[in-house]
Amino acid sequence: MRKYIFIFMLILGAMPVWAQLTASEAFASAPQGVFPLLDKNTRLDMVDYYRNGMSTASQNSLDGRSMITEMTPESITVKMTDSSAAQLAVLTSPKGQIIALINTVATPGLDSNIRFYDSEWRLLDGSGIFSKPDWKEWMTAAGQENSDEVTMQVPFMLSSYRIDPVTSRLTLTNNLSRFLDKEVYESLSSYLRPSLTYDWTGKKFVLQK
């Protein structure tokens with residue numbers, strides 16, 4: 001009897017491991033409001049196409065074409081339209097998995113935003129998970145000495161986000177060079193960091209110093 005109880009406990013202990021959500025499962029199970037351009041059946045087809053090595057694009061609700069461009073168990077990247085993309089990354093947390101959803105648009109410089117959900121697609125308060133950097137984080141030492149010049153010539157920051165599926169590291173890339181006049185950007189380039197990197201602690205993203 002004790003033998004069977006022991007085996008049963010082992011099975012129960014293994015269940016959370018078996019139930020780990022993959023990026024493709026999260027993509028397919030997302031509510032329609034999360035991916036309004038793609039219904040569930042279309043998303044399932046897209047996953048099948050990618051798994052079978054097919055470059056077939058799927059029609060979205062705007063009569064455009066969408067396709068998966070990268071997929072691992074932890075992350076999936078989708079070209080939504082000619083000017084937008086999304087990355088879904090599944091993060092490991094002590095309290096369960098967290099889904100990070102990055103949406104990127106061309107403005108014309110690429111610009112991203114990020115939201116966080118639990119494994120049931122309930123929206124989380126992202127303020128404790130990631131804090132969007134302000135000018136202080138983006139400026140180099142020289143930039144901080146000339147902060148008035150930077151903020152006068154740059155109305156806002158443009159940056160694209162990407163989460164590495166292996167390390168869960170979040171990288172923000174400075175895309176102002178695609179938006180500002182070449183001469184203006186060159187005069188400011190030494191004042192601004194080309195990218196910012198955040199490490200995932202299991203609870204939040206922390207900026208590397």
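Worth knowing before you read on, the calculation uses all heavy atoms, side chains too, and leaves out hydrogens, waters and symmetry mates.
In terms of modelled atom types and a separation under 3.5 Å, the side chain of Ser75 and the main chain of Pro165 share no donor-acceptor contact. Side-chain atoms of Gln97 come within 3.5 Å of backbone atoms of Leu21 as a donor-acceptor pair (strictly under, hydrogens ignored). The backbone N or O of Asn41 sits less than 3.5 Å from a side-chain atom of Asp39, completing a donor-acceptor pair. Not a single donor-acceptor pair under 3.5 Å links the side chain of Thr22 to the backbone N or O of Pro73. A donor-acceptor pair is defined here as one N or O able to donate and one able to accept, closer than 3.5 Å; no such pair exists between the side chain of Asn146 and the backbone of Glu149.
Thr173 pairs by the side-chain contact (heavy atoms from CB on, under 4.5 Å) definition with Ser160, Thr171, Asn175, not counting sequence neighbours. Under the rule for a side-chain contact (heavy atoms from CB on, under 4.5 Å), Ser131 has no partner lying at least two apart in sequence or in another chain. In this view, Trp138 satisfies the ring pair (Phe, Tyr, Trp, His ring centres under 6.0 Å) rule with no residue, not counting sequence neighbours. Under the salt bridge (charged side-chain N to carboxylate O under 4.0 Å, His left out) criterion, Asp82 pairs with Lys79, not counting sequence neighbours. Glu137 is linked by a side-chain contact (heavy atoms from CB on, under 4.5 Å) to Pro133, Asp134, Leu196, Leu207, counting only residues two or more places apart in sequence or in another chain.
Looking at Leu124, Asp125, Ile129 one by one, the single match for side-chain contact (heavy atoms from CB on, under 4.5 Å) with Ser127 turns out to be Asp125.
With hydrophobic clusters built from ILVMFWY side chains whose heavy atoms lie under 4.5 angstrom apart, Tyr161 does not share a cluster with Tyr117. In this structure, Ile163 is not a member of the same hydrophobic cluster as Trp121, with clusters built from ILVMFWY side-chain heavy atoms closer than 4.5 Å. In this structure, Leu101 is not a member of the same hydrophobic cluster as Val105, with clusters built from ILVMFWY side-chain heavy atoms closer than 4.5 Å. Linking Ile, Leu, Val, Met, Phe, Trp and Tyr residues whenever their side-chain heavy atoms come within less than 4.5 Å leaves Leu192 and Leu110 in two separate clusters.
In terms of heavy atoms, Ser119 sits closest to Ile99 at CA-CD1, 4.2 Å. The heavy-atom pair separating Lys136 from Gln144 by the smallest distance is O-NE2, 3.5 Å. Listed here is the closest heavy atom pair of Val150 and Gly143: CG2-O, 4.3 Å. For the pair Thr107 and Gly109, the tightest heavy-atom approach, listed with the atom from each and the gap, is OG1-O, 2.6 Å. In plain terms, the two heavy atoms of Ala86 and Asn103 that are nearest each other are CB-OD1, 3.6 Å.
One distance of note links CE of Met67 with CG of Asp45; it measures 13.5 Å at 0.5 Å rounding. Interatomic distance, Ile76 CD1 to Leu88 CG, rounded to the nearest 0.5 Å: 7.0 Å. A distance of 8.0 Å separates OG of Ser29 from CZ of Arg43, quoted to the nearest 0.5 Å. Between atom CG of residue Leu91 and atom NZ of residue Lys203 there is a gap of 15.0 Å, rounded to the nearest 0.5 Å. Atom OG of Ser58 and atom CG of Leu37 lie 12.5 Å apart (nearest 0.5 Å). With values rounded to the nearest 0.5 angstrom, Glu74 atom CD is found 4.5 Å from Thr72 atom OG1.
Residues Ser66 and Asn60 bring a donor and an acceptor atom of their side chains to less than 3.5 Å of each other. Side-chain atoms of Thr42 and Gln59 form no donor-acceptor pair, as typed in the model, at a separation below 3.5 Å. A donor-acceptor contact closer than 3.5 angstrom links the side chains of Ser84 and Thr81.
The local environment of CD in Glu183 is sparse, with at most 12 non-hydrogen atoms from other residues, nucleotides or ligands closer than 6.0 Å.
Separation of the Phe179 and Phe156 ring centroids falls under the 6.0 Å cut-off.
Every pair passing ring-ring contact (aromatic ring centres under 6.0 Å, His included) that includes a residue from residues 30-52 is listed here, sequence neighbours excluded: Phe27-Phe35.
The side-chain heavy atoms of Ile98 and Trp200, taken from C-beta on, include a pair separated by under 4.5 Å. A 4.5 Å side-chain heavy-atom check between Glu70 and Gln87 finds every atom pair outside the cut-off.
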Note to self: Apply side-chain contact (heavy atoms from CB on, under 4.5 Å) to residues Met157 and Asn174 and explain how you reach the verdict.
What the structure shows: CA-CA 8 Å; Met157 189 66 193; Asn174 176 349; 3.3 Å; yes
